[in-house]
Amino acid sequence: YDAGKTRVYLMEKVTSFNIPATLTDDSFLDLLAANPNLTSITSDNPDFKVVGGVIHNADMEPVFFPSFVTSYTIPKDVAIDGSYLSELQSLLSGTKVSAVAIEEGNTSAYFADFGALYTSDGTLAFVPAKMETFTISKRATLISGSGLFSGTAVKTVTYDKSKGDPSGK
């Protein structure tokens with residue numbers, strides 16, 4: 001009898017999971033990660049908030065992306081910076097997330113277009129690993145060769161040919 005294997009086996013049968021208020025650490029995340037059948041996560045725990053299926057810590061930083069999540073909206077109360085984007089890229093590795101957006105009201109100096117993130121001056125800052133078609137925003141000013149596409153699924157690059165004001169207004 002192996003209690004660890006039994007727990008993983010039982011978790012694979014679970015389709016919905018609620019984080020109880022009594023949970024004091026994030027050790028349950030490994031069990032959730034091993035579950036391909038999970039379709040719903042909720043939380044009664046003040047230390048873990050669930051938004052759009054994604055588990056966040058109390059500071060609203062994402063800590064777990066279940067397999068059913070394919071897009072992610074950065075909450076308005078999160079300060080986006082290079083460190084945050086690096087951690088996000090690491091967390092998204094191995095997930096199905098192919099597009100990222102920013103919740104309206106976020107005051108960080110970033111904007112999202114076509115599922116990618118740019119700095120306010122138009123420099124490409126983040127491309128989700130599972131994105132297959134990258135569309136260059138009209139507001140883009142710089143797409144550097146700094147490895148933003150390294151490790152991504154991007155196969156096609158296009159340019160936003162839609163009519164309208166390139167400032168995004």
Side-chain angles (χ1 to χ4, degrees), residues 1-118 124-135 147-156:
Y1 172 75
D2 181 340
K5 285 184 179 179
T6 302
R7 283 188 342 172
V8 169
Y9 173 77
L10 290 174
M11 280 302 296
E12 287 177 351
K13 304 297 181 195
V14 172
T15 57
S16 294
F17 183 78
N18 180 62
I19 305 168
T22 55
L23 204 60
T24 58
D25 63 29
D26 65 1
S27 61
F28 67 96
L29 294 177
D30 288 339
L31 292 173
L32 293 181
N35 185 340
N37 300 314
L38 198 61
T39 59
S40 172
I41 300 174
T42 56
S43 179
D44 292 331
N45 191 312
D47 295 328
F48 298 100
K49 296 173 177 55
V50 179
V51 179
V54 176
I55 300 174
H56 298 78
N57 64 19
D59 295 326
M60 288 307 292
E61 296 166 342
V63 295
F64 179 75
F65 287 83
S67 61
F68 63 86
V69 173
T70 58
S71 65
Y72 176 62
T73 299
I74 299 170
K76 67 179 177 181
D77 298 328
V78 171
I80 305 169
D81 59 17
S83 175
Y84 175 86
L85 293 178
S86 177
E87 182 66 23
L88 184 62
Q89 187 73 26
S90 176
L91 281 168
L92 291 178
S93 176
T95 71
K96 295 179 182 175
V97 175
S98 62
V100 176
I102 301 172
E103 184 178 11
E104 190 173 329
N106 185 305
T107 58
S108 297
Y110 288 82
F111 68 90
D113 257 350
F114 302 102
L117 299 180
Y118 297 81
L124 180 62
F126 181 83
V127 177
K130 292 295 182 186
M131 179 180 280
E132 292 185 5
T133 299
F134 173 72
T135 301
L148 285 167
F149 295 99
S150 176
T152 70
V154 172
K155 296 176 186 157
T156 307

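Every value quoted in this text rests on a predicted model; they were computed, and no experiment measured them.
A distance-only check finds a donor-acceptor pair linking the side chain of E103 to the backbone of K76 [under 3.5 Å]. Checking side-chain atoms of N106 against main-chain N and O of V78 turns up a donor-acceptor pair under 3.5 Å.
Looking at D81 and S83, their side chains never bring a donor and an acceptor atom within 3.5 Å of each other. At a cut-off of 3.5 Å, with distance as the only test, no side-chain donor of N45 or S43 sits close to an acceptor on the other residue.
Aromatic ring pairs are classed by plane angle as parallel below 30°, tilted from 30° to 60° and perpendicular above 60°; the pair F149 and F134 is perpendicular. Under the 30°/60° scheme for interplanar angles, the aromatic rings of F17 and F28 are found to lie parallel.
Note that CG of L117 and CG of L148 are 10.5 Å apart. Values are rounded to the nearest 0.5 Å. Distance CD/E61 to OH/Y84: 7.5 Å, rounded to 0.5 Å. Distance NZ/K130 to CG/L92: 10.5 Å, rounded to 0.5 Å. Rounded to the nearest 0.5 Å, atoms CD1 (I102) and CZ (F111) are 9.0 Å apart. Rounding to the nearest 0.5 Å gives a distance of 6.0 Å between CG of L38 and CG of L32. In this structure, NZ on K49 lies 10.5 Å from NE2 on H56, to the nearest 0.5 angstrom.
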#### Entry: Test log, rule side chain to side chain contact (heavy atoms under 4.5 Å, CB included), inputs T95 and V69
CA-CA 8 Å; T95 71; V69 173; over 6 Å; no
### Task
Walk me through it: do V54 and V97 pass the test side chain to side chain contact (heavy atoms under 4.5 Å, CB included)?
CA-CA 11 Å; V54 176; V97 175; over 6 Å; no
### Task
Check the pair F65 / L88 against side chain to side chain contact (heavy atoms under 4.5 Å, CB included), numbers first and verdict last.
CA-CA 10 Å; F65 287 83; L88 184 62; 3.9 Å; yes
### Query
Can you check side chain to side chain contact (heavy atoms under 4.5 Å, CB included) on I55 and V63, steps first, answer last?
CA-CA 6 Å; I55 300 174; V63 295; 3.6 Å; yes
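Scanning both residues, A112 and A101, for their nearest heavy atoms gives CB-CA, 3.9 Å. Residues M131 and F114 share a closest heavy-atom pair of CE-O, 3.3 Å. What you find for A125 and L85 is that their closest heavy atoms are CB-CD1, 3.9 Å. Here the shortest heavy-atom pairing between P128 and A116 reads CD-CA, 4.5 Å. Across P46 and A58, no two heavy atoms sit closer than the pair O-CB, 4.1 Å. Between I41 and I19, the shortest heavy-atom distance links the atoms CG2-CD1, 4.4 Å.
Summarising the local packing, NZ of K96 is surrounded by 12 or fewer heavy atoms from other residues, nucleotides or ligands at distances under 6.0 Å.
Within the 4.5 Å cutoff, no side-chain heavy atoms of F64 are placed close to those of D26.
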